[in-house]
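Before any comments, here is the structure.
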There are 2 protein chains.
Amino acid sequence: MAKHDSLLDLLFTALGDPTRRAILTRLAQGEASVTELAAAHDMALPSFMKHLRKLEQARLITTNKAGRIRSCALSANAFAPIETWLDAQRALWTDRLDRHDDYLRNLHRRRQDEAEPEN
Amino acid sequence: MAKHDSLLDLLFTALGDPTRRAILTRLAQGEASVTELAAAHDMALPSFMKHLRKLEQARLITTNKAGRIRSCALSANAFAPIETWLDAQRALWTDRLDRHDDYLRNLHRRRQDEAEPEN
DNA sequence: CCATAACTTAGCCATATGGCTAAGCATGAT
DNA sequence: ATCATGCTTAGCCATATGGCTAAGTTATGG
């Protein structure tokens, strides 16, 4: 990914990895420290931390270091931009179907007009 | 991405690129051929085709070749697995908040019991 | 039938991703 | 004061990604 990815880019690519989705699912239950989270994943800590950093960059999680422990939590409304985008897509799609329906209705009416001319 | 990515992996990573999201937005308006779609993107055709292939692998679009023209269309319910996953996450999150509320309520009741013993 | 249009294949390149190890650096426990 | 814990940094490696050009292939239009 380039330097200036949009938040949507960051969000979707962050979610495109099973390790990262698992972290989010775990965090939905409540906060956890880095090592607590890492315990579930057979992976060296530095590798794991990279995933956490991506989640943080995508603003899906927030982290906070107290002493030597970094605590991670799910961001509130983490998925909002995604839902907004999905809603917009759905809106376009249904608009188009509506317009197609109109087209078919008009076509039908025109055919009827031809069959029974209105004079 | 490895050879055996889950559909969710394919879906999310397919959506993690602005070119590909733009293609989907365009296709929400209706079918289009490869060159029609490519016209909007300053990119060589083979590069563009790679994006289409990823969208197809993620089952976000379907394509169909008639003569020398390949027509592309949005898949129906393309986003369903994503919505399902998001719903599940939301469910976990709200469950957890509910349980937290209960905990606070119980805590409060216990404190009141201590303040006003029930004999 | 021949040229052009619309892909398609092959292969190259730079950068990004996702993993690792080894070593460093605070902080908390003893 | 010292040692273990909990990250953190640095750097290496293999593969994946996203772009390109050049050279096919397969219809169609004239």
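All values derive from a computational prediction rather than experimental measurement. Naming convention: chains lettered A, B, ... in sequence-line order (proteins, then strands); numbering from 1 in each chain.
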Item to check | Interatomic distance, B/Asn64 CG vs C/dA6 C1' [rounded to whole Å] | outcome: 15 Å
Checklist entry - Can you check the B/Leu52 CG to C/dA6 P distance for me, whole Å? => result 15 Å
Checklist entry - Quick one: B/His41 NE2 to D/dG18 P, roughly how many Å, whole number? => result 14 Å
Checklist outcome for this item: Output for pair (A/Leu45 CG, A/Leu37 CG), nearest 0.5 Å, gives 10.5 Å
Checklist entry - Are the charged groups of B/Glu83 and B/Arg90 less than 4.0 angstrom apart, N to O? => result no
Checklist entry - Can you tell me if the side-chain N/O atoms of B/Ser33 get under 4.0 Å from OP1 or OP2 in C/dA6? => result no
Next on the checklist: Strictly under 4.0 angstrom, non-hydrogen atoms only: write out the protein contact profile of nucleotides 19-30 of chain C, one letter per nucleotide from the 5' end, B, S or -.
Outcome noted: BBBB----BS--
Checklist entry - Atom CG of A/Asp9 to atom C1' of D/dT17: distance rounded to whole Å? => result 14 Å
Checklist entry - Relative to each other, are the rings of A/Phe12 and B/Phe12 parallel, tilted or perpendicular (30° and 60° limits)? => result tilted
Checklist entry - Does any non-hydrogen side-chain atom of B/Arg20 lie less than 4.5 Å from one of B/Leu15? => result no
Item to check | Rounded interatomic separation in angstrom, taking CD from A/Glu36 and P from D/dT5 | outcome: 15 Å
Checklist entry - Looking only at heavy atoms, what is the nearest atom pair of A/Leu8 and A/Pro81, with distance? => result CD2-O, 3.8 Å
Checklist entry - Got a salt bridge between B/Asp9 and A/Arg21, using NZ or NE/NH1/NH2 to carboxylate O under 4.0 Å? => result yes
Next on the checklist: Rounded to whole Å, how long is the line connecting atom CZ of A/Arg53 with atom C1' of C/dA16?
Outcome noted: 15 Å
Checklist outcome for this item: The side-chain hydrogen bond (donor to acceptor under 3.5 Å, both in side chains) partners of B/Arg70 (sequence neighbours excluded) come to B/Thr63
Checklist entry - Is it the case that B/Glu56 and B/Thr62 place a side-chain donor and acceptor less than 3.5 Å from each other? => result no
Checklist entry - Please give, in whole Å, the distance from D/dA27 P to B/Lys65 NZ? => result 8 Å
Next on the checklist: For DNA chain D, please output the secondary structure as dot-bracket, reading 5' to 3'. Pairs are Watson-Crick or G-U wobble, both atom distances under 3.5 Å; mark crossing pairs with [ ], other-strand partners with |, unpaired with a dot.
Outcome noted: ||||||||||||||||||||||||||||||
Checklist outcome for this item: Rounded to whole Å, CD1 of A/Ile69 lies from P of D/dT8 at a distance of 11 Å
Checklist entry - Would you say B/Thr35 reaches C/dA5's phosphate, i.e. side-chain N/O to OP1/OP2 under 4.0 Å? => result no
Next on the checklist: Would you say the rings of A/Phe79 and A/Trp85 are close, in the sense that their centroids are separated by under 6.0 Å?
Outcome noted: no
